[in-house]
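Here the structure comes first, spelled out in structure tokens, and everything after it is commentary.
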2 protein chains.
Amino acid sequence: MTTQENRFLKKVGKNIAQHRRKAGFSQLDICAEIKMEKPNLSAIENGRQNITALTMLKIADAIGVDVKDFFGSPSSSKKHE
Amino acid sequence: MTTQENRFLKKVGKNIAQHRRKAGFSQLDICAEIKMEKPNLSAIENGRQNITALTMLKIADAIGVDVKDFFGSPSSSKKHE
DNA sequence: TTATAGGTTATGATATATAATAACTGTCTC
DNA sequence: GAGACAGTTATTATATATCATAACCTATAA
């Protein structure tokens, strides 16, 4: 896994998490909707999983956004610091 | 695999093929660039593979487009008919 | 203290994406 | 006809995404 690839997965995961929170859902909400276990969604949102197209589709549908939205530049607000 | 999922993979594959051709590359060109075998790229472009995020990234980089471009509505010109 | 909610990490089993090879379509050119 | 080029289909092997469970952390609240 190159650092570019690592950054890419982290970016996608961050976008998923941001859109999910913006839509008012918890990880568990989405997991219930698409029948996924929460550790797996957590791994995706943290960029530790090389997510597939269909999994992206399911998550996007559950959140109510377009898959395309997962590939922009995430809002760059750091979590805490 | 639901029909919605099937349509989604076909759409993504069609977008990949269209962007690749528009950029003037053959399947073999891309395969050589990213070290993928041509049957696999063929399967992806025909929507028979649930492509992963990193594979999309590699293909997009090789073509010279953004991954986001694979998720729009493809130009709806039929191949022959 | 105890309990709940939201999220993370570790781990094992199973399904499947990818790697790889061979054989097969046309289509075009010689 | 033969040869090359672009793409497809079938197939097996290997790597890994997903499924699933348990345990953990940090708040917040009773």
Residue pair B/Ser42 / B/Gln27, side-chain heavy-atom distance below 4.5 Å: yes
Side chain to side chain, A/Leu41 and A/Ile59, heavy atoms closer than 4.5 Å: yes
Close side-chain approach of A/Lys14 and A/Phe70, heavy atoms under 4.5 Å: no
Under 3.5 Å: donor-acceptor pair, side chain of B/Asp66, backbone of B/Ala60: no
Distance below 4.0 Å between A/Thr55 side-chain N/O and D/dA17 OP1 or OP2: no
Atom-pair distance (CD1 on A/Ile44; C1' on C/dT8), nearest Å: 14 Å
Side-chain heavy atoms of B/Thr55 within contact of B/Met36, under 4.5 Å: yes
Contact check, side chains of B/Met1 and A/Leu54, non-hydrogen atoms, under 4.5 Å: yes
Members of residues 47-54 of chain B that approach DNA chain C, where some heavy atom sits under 4.0 Å away: B/Gln49, B/Asn50, B/Ile51, B/Thr52
Strand contacts (DNA chain D) in residues 25-36 of chain A, 4.0 angstrom heavy-atom criterion: A/Met36
For atom CG of A/Leu57 and atom P of D/dA17, their distance in whole Å: 19 Å
Which nucleotide in D/dA20, C/dT21, C/dT9 has an atom nearest any side-chain atom of B/Glu37: C/dT21
Exam field: side chain B/Asn50 to backbone A/Thr52, donor-acceptor pair closer than 3.5 Å: no
Criterion side chain to side chain donor-acceptor pair (under 3.5 Å) on A/Ser26 and A/Asp29, from CA distance to verdict: CA-CA 5 Å; A/Ser26 70; A/Asp29 291 332; 3.2 Å; yes
Whole-Å gap separating C1' (C/dA17) and CE (B/Met1): 12 Å
Between P of D/dT14 and CG of B/Asn40, the distance in whole Å: 16 Å
N-O pairing of B/Glu45 and B/Arg20 below 4.0 Å: yes
side-chain N/O B/Arg21 vs D/dG7 OP1/OP2, d < 4.0 Å: yes
Whole-Å gap separating P (D/dA20) and CG (A/Leu41): 15 Å
Atom-to-atom span, NZ of B/Lys38 to P of C/dC24 - whole angstrom: 14 Å
Under-4.0 Å side-chain N/O to phosphate OP1/OP2 contact, B/Asn46 with D/dT8: yes
Closest to side chain of B/Pro39, choosing from C/dG7, D/dA10, C/dT8: D/dA10
For atom CE of A/Met56 and atom C1' of D/dT18, their distance in whole Å: 14 Å
